[in-house]
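Chain letters run A, B, ... following the sequence lines, proteins first and then strands; every chain starts at 1. These numbers come from the heavy atoms of this one structure, side chains and all, not from hydrogens, waters or symmetry mates.
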Amino acid sequence: MAQTNPPFMTGVPELLLLRLLEQREMYGYELVKAIRLVTSEAISLGEGVIYPALHALEKSGALKSRRKLVNGRTRVYYSLNAKGRQRLARLQSDWERINAGVAAALETPANA
Amino acid sequence: MPDSGFDNLRDYLLTSGMSPRYVRRAVAELEDHRVDLFAEAESLGLSGAAAASYASERLGDPEAIGRCMAQIEGHRAWIYRYPRLARFYLPVIYFAAVPFALVTADGGEKRGFLRWGAAMMLSAAVTAAMLLGMQLAIIFG
């Protein structure tokens, strides 16, 4: 299994959460499972870490939450709002730029 | 399930100045997540202590989670978000507004209002002096 939360992962949970919540509303456990699935388990977060990320995104206005009673348990479902979509677009663009830069650097011979 | 460290997390968040409402919600979400992980462990054939251990390991260190949560400024109790307002402006306004309201109060109850107001202000002043003394003892003690 991949190492959880390596140092260069800063910002990745936020990007993944916004991307997944763009598709449909989800609760915490469901989000963690979805992250493992869509990243083919390449990214395995310490699961508790997603809650501070979700709460911070909600507080910043990128997400909204609602309580829903499911099988006698109250779950907190998160969904994206307009501000969250803007943030996702910006983060995605930043990520693609950085990813392209790092890929180019890794493809360059070390003695170039 | 054995204790998962959430009591310590709850205490840590409250003493870090997070609002009690947020703390209740955050801990409830983590507890709920842990129940799901426990069920997942059972579906994998684990039981009892092994399932609890699996759930705790997957969830991560409650202290580390607490440290991340305590950094969310917007979830702090208002008294920690606006310390100047809570510790200076509101008491000053209170001490200024109460005598003003009492002096300007009209009608036959004015004397009663004044006695009540004087008693309230005296008790507030004594409490404030005690708190100041404790604060100074903490700082210089």
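Summarising the geometry of B/G74 relative to A/K59, their closest heavy-atom pair is O-CE, 3.0 Å, with the distance given to 0.1 Å. Nearest heavy atoms, A/P52 versus B/I65: CG-O, 3.9 Å.
Atom-to-atom distance recorded for B/M18:CE and A/H55:NE2 is 10.0 Å, nearest 0.5 angstrom. Note: B/E40 CD to A/K33 NZ = 6.5 Å, rounded to the nearest 0.5 Å. Annotation: the span from B/D32 atom CG to A/Y51 atom OH amounts to 7.0 Å, rounded to 0.5 Å.
Around the CD atom of A/Q23, the shell of radius 6.0 Å holds more than 12 heavy atoms that belong to other residues, nucleotides or ligands. Counting heavy atoms of neighbouring residues, nucleotides and ligands inside a 6.0 Å radius, atom NZ of A/K68 exceeds 12 of them. No more than 12 heavy-atom neighbours from other residues, nucleotides or ligands sit within 6.0 angstrom of CD on B/E57. Crowding of A/R67 atom CZ: a count of heavy atoms from other residues, nucleotides or ligands under 6.0 Å not exceeding 12.
Cluster membership for B/W78 and B/V23, using ILVMFWY side-chain heavy atoms within less than 4.5 angstrom, is not shared. Tracing side-chain contacts under 4.5 Å through hydrophobic residues (I, L, V, M, F, W, Y), one never reaches B/L131 starting from B/V92; they form parts of separate clusters. Using a 4.5 Å cut-off between side-chain heavy atoms of Ile, Leu, Val, Met, Phe, Trp and Tyr, with links allowed through other members, A/L91 and A/I98 fall into different hydrophobic clusters.
The existence of a salt bridge linking A/R75 and B/D36 is confirmed by a sub-4.0 Å separation between a basic side-chain nitrogen and an acidic carboxylate oxygen.
Residue contact with chain B, scored on non-hydrogen atoms closer than 4.5 Å, is absent for A/E30.
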A/S65 and B/E29: CA distance, side-chain angles, deciding distance, side chain to side chain contact (heavy atoms under 4.5 Å, CB included) verdict: CA-CA 12 Å; A/S65 69; B/E29 274 189 291; over 6 Å; no

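Highest contact tally toward chain A, considering only B/M69, B/H33, B/H75, is held by B/H33 [criterion: heavy-atom pairs under 4.5 Å].
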